[in-house]
J.: 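What follows is a structure written as structure tokens; I'll ask about it next.
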There are 2 protein chains.
Amino acid sequence: MMDAIDRVPVLADVAAAAGVSLSTVSRVITGRAPVSEKTRSRVMEAVAQLGYRPNAAAQALVNGRSSTVAVIANHTLRWGYAATLHGIEEQARAAGFSVMIAVVESSDPAEVRRAIDGVWSQPIAGAVVIDFDAVGAATLDALPHNVPVVAASGAWQPGADRPHAYLDDFEGARQATDYLLSLGHHTVHHVAIPSTSEHSGREWGWRRALTDAGRVVPDVVRAGYDPESGYAAAERLDPGATAVLCGNDEVAIGVARRLQERGVSIPRDVSLMGFDDQPFAAMWVPSLSTVGQDFVGLGKRTFAMLHSWILSNEQPAHSTVLPRLVLRQSTAGPRPGA
Amino acid sequence: MMDAIDRVPVLADVAAAAGVSLSTVSRVITGRAPVSEKTRSRVMEAVAQLGYRPNAAAQALVNGRSSTVAVIANHTLRWGYAATLHGIEEQARAAGFSVMIAVVESSDPAEVRRAIDGVWSQPIAGAVVIDFDAVGAATLDALPHNVPVVAASGAWQPGADRPHAYLDDFEGARQATDYLLSLGHHTVHHVAIPSTSEHSGREWGWRRALTDAGRVVPDVVRAGYDPESGYAAAERLDPGATAVLCGNDEVAIGVARRLQERGVSIPRDVSLMGFDDQPFAAMWVPSLSTVGQDFVGLGKRTFAMLHSWILSNEQPAHSTVLPRLVLRQSTAGPRPGA
DNA sequence: CTGAAAGCGCTTACAG
DNA sequence: CTGAAAGCGCTTACAG
């Protein structure tokens with residue numbers, strides 16, 4: 001049992017132990033000025049012995065900048081969010097930055113304000129906003145302009161003044177829809193996840209592909225993010241549908257489960273595509289065709305943009321990566337006669 | 001396009017704008033001393049107009065304490081870790097704390113040291129270590145004792161001097177194994193995930209149940225954390241197994257997929273149990289019996305313990321919650337004659 | 001109720 | 001190469 005919390009050693013303790021001035025200790029710690037080898041090793045010894053670590057608050061105060069970045073997001077648990085956070089963290093860590101997370105629960109102005117105040121009162125060098133939904137968008141709008149902010153986002157949005165790293169899910173949805181049409185389906189139905197704006201990139205991409213091909217655009221079936229919501233949404237799906245594109249893999253798996261329970265065979269009766277290529281997509285029976293999105297890579301790109309802004313003080317350009325179709329067993333041509 | 005980053009207003013700016021002293025502004029901001037209503041509103045106006053937010057680095061420095069806590073973990077993406085982090089974050093946010101995440105990639109001493117230095121140089125009020133694996137354990141051992149630290153853990157471990165919030169997966173595994181035996185299986189096989197110590201709570205609980213029942217303890221099949229590793233592990237499973245307990249649901253789903261591909265029927269030929277009850281467990285066909293673990297609750301309890309330590313300066317006691325069996329369709333008695 | 005002053009732990013010119 | 005001093009932005013006794 002160890003109740004007592006020892007006093008944290010400070011610079012002055014090291015200086016006293018090593019018998020040198022504060023300035024000298026600071027110089028060996030920062031390495032930003034020459035120090036004799038003898039003094040240096042004496043200081044290092046004291047540092048090691050006392051277990052001294054510079055106080056980041058004091059450093060941040062005097063340096064006028066910190067090496068922590070904040071990640072602001074509506075979720076940390078859903079696949080896309082968690083994977084993006086993971087990518088940001090990894091890249092930040094490699095660059096010597098710490099990361100702080102701030103969850104914004106809703107786009108209610110008071111809640112957004114609370115979150116922003118919490119983050120902005122911290123000594124941060126910059127922030128990334130995960131702009132996958134309406135909450136992210138609302139946060140982005142409310143953010144002060146005195147710290148670099150980069151957004152990680154699905155599809156390009158008009159009028160974004162902040163730098164964005166995109167995944168282009170608009171294009172992914174369009175390609176997926178085109179693919180399904182190319183298989184011979186008359187049209188493609190869509191089970192949507194909640195989205196940033198009224199219409200997400202995914203929904204718009206799907207819609208565009210159908211319109212361009214001159215096909216009927218069926219009513220969208222709205223779902224949440226998880227398998228259960230897909231399961232429920234399957235009830236509202238047009239019974240005549242032969243091809244369905246879902247807003248994410250979780251929803252697709254829920255839809256699949258419900259259809260299979262009803263004796264609908266995938267892909268014989270219905271072709272099903274997910275979105276994201278999250279770890280379970282390949283495991284499902286039949287394995288799920290989907291649109292592969294590199295969220296970890298998105299996170300890394302986003303941090304890299306923020307980092308360059310912090311270092312150079314020049315706002316970076318947007319960046320985009322195209323998703324790729326991952327074709328597995330859940331898609332096929334319609335049954336002859338369907 | 002907004003390249004310029006405005007200068008951040010400081011306390012002195014507000015004082016100047018309101019025509020009062022620094023002390024007065026500080027008093028209205030902190031609310032820790034009486035200020036006349038007239039002065040107060042004048043100051044608030046200046047604050048609002050300038051968009052002033054106290055500099056957290058300065059506050060942390062002068063207050064000698066901060067309101068951010070660090071979460072130290074080996075992963076942020078796997079279900080149990082992510083859900084625990086989520087619980088911590090939620091509880092911390094409710095208490096007005098910010099959370100910083102620090103990922104420790106391996107138990108290599110240099111890596112552990114790097115992570116700890118990074119965290120300990122920040123102004124933190126406390127830390128929680130997610131102690132689900134060997135890396136968590138190594139980190140816990142290396143942590144200084146000058147800041148409150150609480151660990152979130154699976155099963156009770158001998159000699160833990162730091163407060164732990166447990167989930168008791170030992171007991172969960174024991175109950176799951178007992179249940180499988182009660183169905184009539186001669187023994188239960190185990191596909192293990194990587195673990196804290198040589199033997200995890202899950203593995204020990206399984207082992208204990210078999211030993212207590214006087215059954216044969218089969219060789220453990222080792223897997224990773226994800227479906228793919230379960231899929232691969234299925235190849236190494238004893239073909240005579242009629243009941244299998246997996247270290248987590250992801251692995252169980254991988255095992256299920258492989259078995260089903262080989263024409264093995266679940267639960268007719270093999271009963272399969274997972275662990276954790278993560279969102280996909282209920283979706284699989286057949287839906288997966290598992291051990292429900294409340295990771296979000298674990299995270300909340302862990303933060304609550306840390307919070308009480310921070311406030312009271314008294315080290316909290318350990319806390320434990322028992323898991324519960326979630327029985328679904330993947331378990332049944334052995335086939336007559338099996 | 002309000003202001004002037006000291007101090008939190010650092011870094012960085014400024015002198016030697 | 002090394003030390004004394006000022007200052008980063010706050011808060012908090014200490015005087016009025």
Side-chain angles (χ1 to χ4, degrees), chain A residues 6-44 46-47 50-68 117 120-125 146-147, chain B residues 6-44 46-47 50-68 117-118 120-125 144 146-147:
Chain A
D6 318 336
R7 191 175 75 80
V8 179
V10 298
L11 198 70
D13 299 323
V14 178
V20 296
S21 72
L22 298 185
S23 324
T24 298
V25 177
S26 181
R27 286 186 192 107
V28 352
I29 300 286
T30 63
R32 283 201 273 262
V35 175
S36 83
E37 193 39 46
K38 208 177 108 200
T39 314
R40 184 189 151 63
S41 66
R42 199 135 47 89
V43 170
M44 288 311 282
V47 165
L50 295 174
Y52 170 75
R53 290 183 191 77
N55 176 320
Q59 287 185 316
L61 183 58
V62 64
N63 289 330
R65 62 198 158 63
S66 83
S67 56
T68 108
D117 282 349
W120 250 248
S121 67
Q122 304 292 134
I124 55 167
N146 52 17
V147 163
Chain B
D6 318 335
R7 190 175 76 82
V8 179
V10 297
L11 198 71
D13 298 322
V14 178
V20 297
S21 71
L22 298 185
S23 324
T24 299
V25 178
S26 181
R27 286 187 191 105
V28 353
I29 301 286
T30 63
R32 282 200 273 263
V35 175
S36 82
E37 192 41 46
K38 208 178 106 201
T39 314
R40 185 191 150 60
S41 67
R42 200 136 44 89
V43 170
M44 288 311 282
V47 165
L50 296 173
Y52 170 75
R53 288 188 190 74
N55 176 318
Q59 287 186 315
L61 183 58
V62 64
N63 288 330
R65 63 198 157 62
S66 82
S67 56
T68 110
D117 282 351
W120 250 247
S121 67
Q122 304 292 135
I124 56 167
N146 51 18
V147 164

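Below, chains carry the letters A, B, ... as their sequence lines are ordered, and counting in each starts from 1.
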J.: The side chain of B:Val62 is closest to which nucleotide in this list: D:dC1, D:dC10, D:dC8?
T.: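 Closest of the options to the side chain of B:Val62: D:dC10.
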J.: Applying a 4.0 Å non-hydrogen cut-off, can you work out what B:Val10 is touching in the nucleic acid: base, sugar-phosphate, or nothing?
T.: sugar-phosphate
J.: Give the nucleotide from the list C:dG3, D:dC8, D:dC1 with an atom nearest to the side chain of A:Leu61.
T.: D:dC8
J.: If we check side-chain contact (heavy atoms from CB on, under 4.5 Å) with B:Val14, which of these qualifies: B:Leu22, B:Thr24, B:Val20, B:Val47?
T.: B:Val47
J.: Looking at C:dG9, I'd like to know if its phosphate oxygens (OP1 or OP2) sit under 4.0 Å from a side-chain N or O belonging to A:Gln59.
T.: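 False: A:Gln59 side-chain N/O out of range (4.0 Å or more) of C:dG9 OP1/OP2.
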J.: So, is B:Thr24 near the phosphate of C:dG3, with a side-chain N or O under 4.0 Å from OP1 or OP2?
T.: yes
J.: Whole angstrom is fine here: how far is it from CD1 in B:Ile29 over to C1' in C:dT2?
T.: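 For the pair B:Ile29 CD1 and C:dT2 C1', the rounded distance is 16 Å.
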J.: Side chain of A:Ser36 only, please: which of D:dC1, C:dC10, D:dC10 is the nearest?
T.: D:dC1
J.: Please name the pair of heavy atoms, one in B:Thr39 and one in B:Ser36, separated by the smallest distance, quoted to 0.1 Å.
T.: OG1-OG, 2.6 Å
J.: Please determine, for the side chain of A:Thr30, which listed nucleotide (C:dT11, D:dT11, D:dG9) has the closest atom?
T.: C:dT11
J.: Would you kindly give the CG-to-P distance between A:Leu11 and C:dT11, to the nearest whole Å?
T.: 7 Å
J.: Distance check needed: D:dC8 C1' versus B:Asp13 CG, whole Å only.
T.: 14 Å
J.: Taking the nucleotide of DNA chain C with the closest heavy atom to each, which residue, A:Asn63 or B:Ser21, is nearer the 5' end?
T.: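 The residue closer to the strand's 5' end, by nearest nucleotide, is B:Ser21.
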J.: Could you tell me whether a side-chain N or O of A:Arg42 sits under 3.5 Å from a main-chain N or O of A:Ala18, the two making a donor and an acceptor?
T.: yes
J.: For C:dC14, which nucleotide is its Watson-Crick or G-U wobble mate, given both distances must be under 3.5 Å?
T.: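 Because both required distances fall under 3.5 Å, C:dC14 counts as paired with D:dG3.
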J.: In whole Å, measure the gap between the C1' atoms of D:dG16 and D:dT12 for me.
T.: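 So the two C1' atoms sit 16 Å from each other.
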J.: Is A:Gln122 close to B:Thr68 at the side-chain level, that is, under 4.5 Å between some pair of heavy atoms?
T.: yes
J.: Minimum heavy-atom separation for B:Ile29 and B:Tyr52, please, with both atom names.
T.: CD1-CE2, 3.9 Å
J.: In whole Å, what is the span from the OH atom of B:Tyr52 to the C1' atom of D:dC10?
T.: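 Rounded to the whole Å, the gap is 7 Å.
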J.: Pick the closest DNA chain C nucleotide for B:Arg40 and for A:Leu22 by heavy atoms, then say which residue is nearer the 5' end.
T.: B:Arg40
J.: Assign B:Ser26 to base, sugar-phosphate, or nothing according to its heavy-atom contacts below 4.0 angstrom with the strands shown.
T.: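 The answer is base, as B:Ser26 lies within the cut-off (heavy atoms under 4.0 Å) of a base atom.
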J.: Looking for any heavy atom pair under 4.0 Å, which part of the strands does A:Ser23 touch: base, sugar-phosphate only, or nothing?
T.: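 Result for A:Ser23 = base.
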J.: Atom CG of B:Asn55 and atom P of D:dG7: how far apart are they, to the nearest Å?
T.: 18 Å
J.: On DNA chain D, does the nearest nucleotide to A:Val35 precede the nearest nucleotide to B:Pro9 from the 5' side, or the other way round? Give the residue.
T.: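 On the 5' side of the pair lies A:Val35.
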J.: Using a heavy-atom cut-off of under 4.0 Å over every strand shown, decide if B:Arg27 touches base, sugar-phosphate, or nothing.
T.: base
